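Each remark here refers to the structure printed beneath this line.
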Amino acid sequence: MAKGRRFLIAGNWKMNGLKKDGCALAKSVAKSLKKAKGKKQPFDRLVCPPYTLLSRVADAIKGSGVKLGAQDCHVAEKGAHTGDISPHMLKDVGCKFVIVGHSERRTDHREVDAKAKAKAEAVIEAGMIAIVCIGETLAQREAGRFISVNQRQLKGSLPAAATAKNTVVAYEPVWAIGTGLTASPEQAQEVHAVIRAELVKSLGEEEGNGIRILYGGSMNPKNAKELLAQPDIDGGLIGGAALNADDFRAVAAGCK
C-alpha cells in the first residue's frame with residue numbers, strides 16, 4: 001500500500017443480525033479496539049449493520065474508534081419514498097460511511113451505474129464517505145472482459161465530486177462473494193491496479209493515488225495477509241468473516 005493511504009477494514013453484515021446477537025457482535029468488535037487503545041493501529045475499522053441495528057450499534061461502539069456505516073441509501077434527502085432511508089437520516093444516527101452499488105443491490109434491485117453514482121453523490125453531499133462497489137461476474141471474467149467491465153462500472157459509478165477524503169472504491173468480483181471462491185492476490189492486484197490507473201486518469205495523480213481501494217471478494221483470516229500485502233489493496237469489504245468478531249479481528253491483523 002502506498003504511503004499516505006490507511007487501511008480500511010469494513011464489515012458488511014448484510015441482512016444478518018437481530019437485536020441480541022447484533023449488539024453482542026458490535027460490543028465485541030469495539031472491545032478489541034478499546035484494548036488496543038494507545039497503540040498505533042495501521043487501519044480504520046468500520047461496521048455496516050442492517051438499518052434496524054444502526055442506533056443500537058452506534059451506542060455499542062461509542063468511544064471505541066470503530067466507525068459506523070450503512071449498506072445503502074436513497075438519493076433524496078426526504079420525501080414520499082416509502083421504505084427508503086435518506087443519507088441525512090443515516091448521518092443523523094451516526095453513520096460516517098455508506099455502501100453504494102453493491103453487487104447484491106445491482107442484482108437483486110437491478111441497480112445500474114447511474115444509480116450508484118447518484119447515491120454516492122447524495123452521500124457526499126450529506127457529509128459522509130461513499131464506498132462505491134464495482135466488480136465482474138464469473139461469465140464476464142471467463143470471457144476475458146473483466147478489465148473493461150470494471151473500467152466501465154468505475155467510470156459510470158464514480159461521483160463527480162470524488163476525492164480521497166469522501167470516496168472509497170471496493171472491487172468485489174461477483175464470482176467470489178459467498179461462493180467459497182476467492183481471487184488470488186495476483187488476480188485481485190491486477191484489477192486494483194487497473195482501478196488505480198483509472199482513478200489517476202479521472203481525478204489526477206494526488207487524488208487518484210489517495211483513494212483507498214478495498215477488496216470485497218470473500219476476504220477472510222486465511223487469505224487476508226497475502227491480499228493486504230498487494231500494493232493497491234488498501235483494505236477489505238468483509239462479508240461472512242465480519243459476522244464473527246474473532247475472524248474480523250484476524251482479518252485486521254493482516255494489515256502491516
Side-chain angles (χ1 to χ4, degrees), residues 6-74 83-100 102 104-105 119 122-124 126-131 133 165-166 168 170 172 177-178 212 214-216 218-221 224 228 234-255:
R6 183 175 169 82
F7 284 114
L8 174 61
I9 303 300
N12 177 14
W13 295 6
K14 305 189 179 183
M15 197 174 70
N16 293 290
L18 299 180
K19 181 171 61 177
K20 183 178 179 179
D21 53 322
C23 289
L25 175 58
K27 288 177 181 178
S28 185
V29 171
K31 185 178 180 181
S32 67
L33 271 195
K34 285 181 179 178
K35 283 184 177 180
K37 200 169 184 179
K39 298 179 182 178
K40 188 176 181 180
Q41 299 292 326
F43 58 86
D44 294 321
R45 194 175 296 184
L46 167 70
V47 292
C48 300
Y51 293 138
T52 54
L53 292 177
L54 283 173
S55 291
R56 293 180 183 275
V57 170
D59 290 337
I61 64 177
K62 187 176 182 179
S64 69
V66 178
K67 295 176 174 63
L68 182 69
Q71 299 174 19
D72 188 48
C73 69
H74 194 275
D84 285 311
I85 305 291
S86 80
H88 291 266
M89 291 173 175
L90 297 174
K91 184 179 181 181
D92 186 55
V93 83
C95 289
K96 304 296 184 184
F97 292 76
V98 181
I99 300 169
V100 300
H102 192 281
E104 290 155 4
R105 298 292 308 181
K119 289 183 175 184
V123 168
I124 292 170
M128 295 179 292
I129 299 170
I131 300 179
C133 299
K165 291 183 178 181
N166 63 27
V168 173
E172 42 160 16
I177 300 175
R212 292 182 284 189
L214 312 183
Y215 175 71
S218 298
M219 184 181 284
N220 58 57
L228 293 169
D234 306 316
L237 183 58
I238 317 300
L243 299 177
N244 180 288
D246 290 333
D247 287 347
F248 195 47
R249 283 191 290 269
V251 169
C255 301

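None of the values given here were measured: they were computed from a predicted structure. Computation of the quantities below employed the complete heavy-atom set of this structure, encompassing side-chain atoms and omitting hydrogens, waters and symmetry-equivalent molecules.
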**Message:** Quick check against the 3.5 Å criterion: does Asp21 have a side-chain atom that pairs as donor or acceptor with the backbone of Leu18?
**Reply:** yes

**Request:** Over all heavy atoms of both residues, which pair between Asp247 and Ala241 is shortest? Give the atoms and the distance, please.
**Result:** CB-O, 3.5 Å

**Message:** With no hydrogens and no angle check, just 3.5 Å: does a side-chain donor-acceptor pair link Glu172 and His102?
**Reply:** yes

**Any side-chain heavy-atom pair of Ile85 and Leu90 under 4.5 Å** = yes

**Asked** Which one of His88, Met89, Lys119, Lys91 satisfies the side chain to side chain contact (heavy atoms under 4.5 Å, CB included) criterion with Cys73?
**Response** Lys119

**Prompt:** Which value, rounded to the nearest 0.5 Å, describes the distance between Cys48 atom SG and Leu54 atom CG?
**Reply:** 9.0 Å

**Fill in**
The reported gap from CD in Glu104 to CG in Asn12 (rounded to nearest 0.5 angstrom) is 7.0 Å

**Validation row: Ile99, Asp72 side chains within 4.5 angstrom (heavy atoms)** = no

**Prompt:** Of the non-hydrogen atoms in Cys23 and Ala60, which two are nearest, and what is the gap between them?
**Reply:** O-CB, 4.4 Å

**Side chains of Leu237 and Tyr215 in contact at under 4.5 Å (non-hydrogen atoms)** = no

**Item:** Working for side-chain contact (heavy atoms from CB on, under 4.5 Å), residues Ser64 and Lys27
**Value:** CA-CA 9 Å; Ser64 69; Lys27 288 177 181 178; over 6 Å; no

**Request:** State the CD1-OG distance between Ile177 and Ser218, to the nearest 0.5 angstrom.
**Result:** 7.0 Å

**Asked** Does any pair with a residue in residues 43-57 pass side chain to side chain donor-acceptor pair (under 3.5 Å), and if so which ones, sequence neighbours excluded?
**Response** Arg6-Asp44, Ser32-Arg45, Asp44-Arg212

**Inter-residue atom distance Ile9.CD1 - Phe7.CZ, 0.5 Å rounding** = 7.5 Å

**Message:** Please check if the number of heavy atoms outside Lys96 that lie under 6.0 Å from its NZ is greater than 12.
**Reply:** no

**Point-to-point distance, once rounded to the nearest 0.5 Å, from CG of Leu8 to CD1 of Ile131** = 5.5 Å

**Asked** Is the shortest heavy-atom distance from the side chain of Val57 to the side chain of Asp59 under 4.5 Å?
**Response** no

**Item:** Rounded distance [0.5 Å steps], CZ in Phe97 versus CG in Asn166
**Value:** 11.0 Å

**Message:** Determine whether Val66 and Leu68 satisfy the following criterion, side-chain contact (heavy atoms from CB on, under 4.5 Å), listing intermediate values before the conclusion.
**Reply:** CA-CA 7 Å; Val66 178; Leu68 182 69; over 6 Å; no

**Message:** Taking Trp13's backbone N and O only, do any of them form a donor-acceptor pair with Asn16's side chain (distance below 3.5 Å, no angle check)?
**Reply:** yes

**Request:** Side-chain contact test, heavy atoms from C-beta onward, threshold under 4.5 Å: evaluate it for Phe248 versus Val47 and give yes or no.
**Result:** yes

